[in-house]
K.L.:
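I have a structure here, written as structure tokens, and I will follow up with some questions on it.
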Amino acid sequence: MIYIAAQQYKYWQHTQLIIDVASGPGGSDFSLEGPDGERFITRSRLFVNAD
């Protein structure tokens with residue numbers, strides 16, 4: 001479960017936030033790198049009517 005503050009939710013409510021894992025070192029993005037060369041990253045996309 002992930003917590004998001006009410007004011008943040010108002011801004012992000014139409015967006016799907018995805019926490020993902022990627023290989024390799026982080027570049028210009030914000031990431032949490034682990035000791036095995038992988039990092040957690042966030043991705044986002046707007047919801048569409050099909051969702």
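All values derive from a computational prediction rather than experimental measurement. When reading the values below, keep in mind they use all heavy atoms of this one structure, side chains included, and skip hydrogens, waters and symmetry mates.
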K.L.:
Would you please name every residue forming a side chain to side chain contact (heavy atoms under 4.5 Å, CB included) with L46, sequence neighbours left out?
P.N.:
T15
K.L.:
R43: what forms a side-chain hydrogen bond (donor to acceptor under 3.5 Å, both in side chains) with it, not counting sequence neighbours?
P.N.:
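Residues passing side-chain hydrogen bond (donor to acceptor under 3.5 Å, both in side chains) with R43: D20.
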K.L.:
For Q13, does the CD atom sit with more than 12 other heavy atoms under 6.0 Å from it, leaving out its own atoms?
P.N.:
yes
K.L.:
When you group the ILVMFWY residues by side-chain heavy-atom contacts below 4.5 Å and let the links chain together, are V21 and I19 in the same group?
P.N.:
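Yes, one cluster joins them.
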K.L.:
Working to the nearest 0.5 Å, report the span between CD of Q16 and CZ of F47.
P.N.:
5.0 Å
K.L.:
Flag yes if Y11 and L17 sit in one hydrophobic cluster, no otherwise; membership is Ile, Leu, Val, Met, Phe, Trp, Tyr, and two members link when side-chain heavy atoms are under 4.5 Å apart.
P.N.:
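Yes, one cluster joins them.
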K.L.:
Say you draw a straight line from NZ of K10 to CD1 of I4; how long is it, rounded to the nearest 0.5 Å?
P.N.:
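One finds 12.5 Å between NZ of K10 and CD1 of I4.
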K.L.:
Closest heavy-atom contact between R39 and S23?
P.N.:
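That closest heavy-atom pairing would be NH1-O, 3.0 Å.
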